[in-house]
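These notes concern the structure reproduced below.
Letters A, B, ... are given to chains in the order of the sequence lines, protein chains preceding strands, and every chain is numbered from 1. Owing to the predicted nature of the structure, the values given are computational and were not obtained by experimental measurement.
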Amino acid sequence: MESLQREIADSAVFDDEFDFDPTAVQSPADSSQQQLTAPASDTDSDGSAPSDAPLAAGVDQAFLDERAISAVVVLQAGEVVERTHAVTELSIPYIPGLLAFREGDPIVAALETLDCEPDLLCFDGSGRIHYRQAGLATHLGVVFDTPSVGIAKNLLCGTPRESVDGRPAGWRTPIAADDAVDCADGTLIGHAYQSRQYESSGRHINPLYVSPGHRVAAETTVDFVAALCNGYKLPEPTRLADSYADEVKSKLL
DNA sequence: GCGACAG
DNA sequence: ATCTTGTCGC
């Protein structure tokens with residue numbers, strides 16, 4: 001399996017290689033943060049999404065015994081245009097570094113039921129931030145040869161350039177490859193991104209660890225995630241896929 | 001041998 | 001990931 005991951009990493013493209021307009025990737029009318037650009041009036045007067053805006057799909061799983069519920073929610077300019085899911089039997093246990101082999105088939109099953117063809121796939125888990133630079137997001141991005149990004153809540157490997165504790169919303173810092181990563185030390189493999197943060201004292205929210213999946217550069221990956229976040233810790237596509245998976249799961253009980 | 005380790 | 005009440009804060 002490890003050798004297959006190295007082959008996947010070789011086939012992966014960690015640079016921008018997509019058709020759509022990167023500045024058109026976004027969630028609805030951004031409520032809070034984001035220090036990005038001017039208020040582009042790309043939205044049609046009737047409030048519907050521009051038919052040419054890129055399709056961003058969020059993919060996430062919920063589990064029930066030895067079954068996986070893989071959910072996919074596709075957004076276009078912040079609006080849901082399609083939702084699908086698949087329930088599959090699991091055969092492989094969770095092993096750090098081999099997550100794609102456990103959740104890969106369920107995800108493929110769910111994506112195959114999709115009517116549209118997403119321009120960008122957002123996965124829960126790492127992409128290039130992986131021992132062999134072939135995390136879940138990279139693995140599936142290559143399989144479908146579709147631009148993809150990895151969004152993880154915890155760091156698998158690599159070293160943040162700065163301490164990540166208690167940072168303000170919008171903050172980001174590079175994640176460099178270290179001894180645990182199969183590439184030159186110091187290589188930029190992703191970023192820690194503070195998508196949300198509490199105003200005053202008390203506890204603080206941990207950052208997101210985002211990395212290129214396939215056909216997207218590290219810097220662009222953070223820009224996409226930042227543009228897809230809308231007040232919550234998780235970007236909209238992922239957040240919706242997450243709750244949809246839970247919804248399907250509860251109806252399954 | 002010990003520690004580290006996405007979901 | 002999942003099992004789960006209350007609790008603190010915006």
Side-chain angles (χ1 to χ4, degrees), chain A residues 1-2 5 8-9 12 31-33 58-72 85 87-108 110 121-141 148-160 164 166 168-169 175 177-182 189-193 195-214 221 225 230-235 238-239 241-250 252-253:
Chain A
M1 305 174 112
E2 286 79 2
Q5 295 188 315
I8 291 199
S31 60
S32 54
Q33 78 279 118
V59 185
D60 191 34
Q61 291 72 235
F63 301 86
L64 182 55
D65 297 316
E66 286 304 278
R67 285 183 298 175
I69 296 91
S70 186
V72 182
H85 69 86
V87 179
T88 312
E89 287 296 321
L90 291 167
S91 52
I92 300 174
Y94 165 65
I95 300 173
L98 300 179
L99 182 62
F101 294 101
R102 172 179 168 77
E103 306 188 348
D105 287 333
I107 291 173
V108 169
L121 298 173
C122 302
F123 294 104
D124 60 313
S126 293
R128 193 178 187 182
I129 293 181
H130 178 275
Y131 309 126
R132 293 164 290 281
Q133 303 185 77
L136 176 66
T138 297
H139 197 133
L140 288 157
S148 64
V149 297
I151 302 158
K153 303 178 199 65
N154 292 288
L155 190 58
L156 174 62
C157 56
T159 308
V164 303
I175 300 295
D178 55 24
D179 307 315
V181 185
D182 199 335
I189 55 176
H191 291 81
Y193 174 65
S195 54
R196 180 188 178 183
Q197 189 54 280
Y198 294 139
E199 290 297 340
S200 60
S201 65
R203 299 185 306 282
H204 61 69
I205 299 174
N206 292 136
L208 246 29
Y209 293 95
V210 304
S211 57
H214 181 46
T221 296
V225 172
N230 220 182
Y232 296 88
K233 174 170 180 174
L234 295 176
T238 301
R239 197 174 70 80
D242 182 82
S243 60
Y244 181 44
D246 285 337
E247 180 187 319
V248 173
K249 176 182 174 178
S250 62
L252 217 54
L253 284 170

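- One finds the NE2 atom of A:H130 at 11.0 Å from the CD1 atom of A:I189 (value rounded to the nearest 0.5 Å).
- Atom CD of A:E89 is separated from atom CG of A:D105 by 12.0 Å, given to the nearest 0.5 angstrom.
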**Prompt:** Can you list the steps and then say if A:I107 with A:S70 is a side-chain contact (heavy atoms from CB on, under 4.5 Å)?
**Reply:** CA-CA 6 Å; A:I107 291 173; A:S70 186; 3.7 Å; yes

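- Counting non-hydrogen atoms under 4.0 angstrom, A:F63 reaches the backbone sugars and phosphates but no base.
- Between the CG atom of A:L90 and the C1' atom of C:dA1 there is a distance of 10 Å, given to the nearest Å.
- Residue-level contact check: A:Y131 touches the bases, meaning some heavy atom is under 4.0 Å from a base atom.
- Taking every heavy atom of both residues into account, A:A169 and A:S195 meet most closely at CB-O, 4.5 Å.
- Using a 4.0 Å cut-off, some side-chain N or O of A:K249 falls inside it from OP1 or OP2 of C:dT2.
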**side-chain contact (heavy atoms from CB on, under 4.5 Å) assessment of A:H139 paired with A:F101** = CA-CA 9 Å; A:H139 197 133; A:F101 294 101; 4.0 Å; yes

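- Counting to the nearest Å, the P atom of C:dA1 and the CG atom of A:D65 are 17 Å from each other.
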Extract all donor-acceptor atom pairs below 3.5 Å that involve side chains of residues 241-249 of chain A and protein atoms in other chains or at least two apart in sequence.
from	atom 1	to	atom 2	distance (Å)
A:S243	OG	A:R239	O	3.4
A:S243	OG	A:L240	O	3.1
A:K249	NZ	A:F63	O	2.9

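- Taking 4.0 Å as the cutoff to heavy atoms of chain A, we find the contact window on DNA chain B bounded by B:dC5 to B:dG7.
- Using a 4.5 Å heavy-atom cutoff, the side chains of A:L90 and A:E103 are not in contact.
- Base pairing in DNA chain B yields no stem of at least 3 consecutive Watson-Crick or G-U pairs with both distances under 3.5 Å.
- The nearest whole Å value for the distance from the CG atom in A:L136 to the P atom in C:dA1 is 13 Å.
- Here the C1' atom of nucleotide C:dT2 and the CG atom of A:L64 are 10 Å apart, to the nearest Å.
- Residue contacts for A:I151: at a heavy-atom cut-off of 4.0 Å it reaches no nucleic acid atom on any strand shown.
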**Request:** Kindly determine whether A:Q133 and A:T138 satisfy side-chain contact (heavy atoms from CB on, under 4.5 Å), including the steps that lead there.
**Result:** CA-CA 8 Å; A:Q133 303 185 77; A:T138 297; over 6 Å; no

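- Heavy atoms of A:A62 sit under 4.0 angstrom from primed sugar atoms or phosphate atoms, though from no base atom.
- Per the geometry, CZ belonging to A:R102 stands 7 Å off C1' belonging to C:dA1, to the nearest Å.
- Note that CG of A:L156 and CD1 of A:I129 are 8.5 Å apart. Values are rounded to the nearest 0.5 Å.
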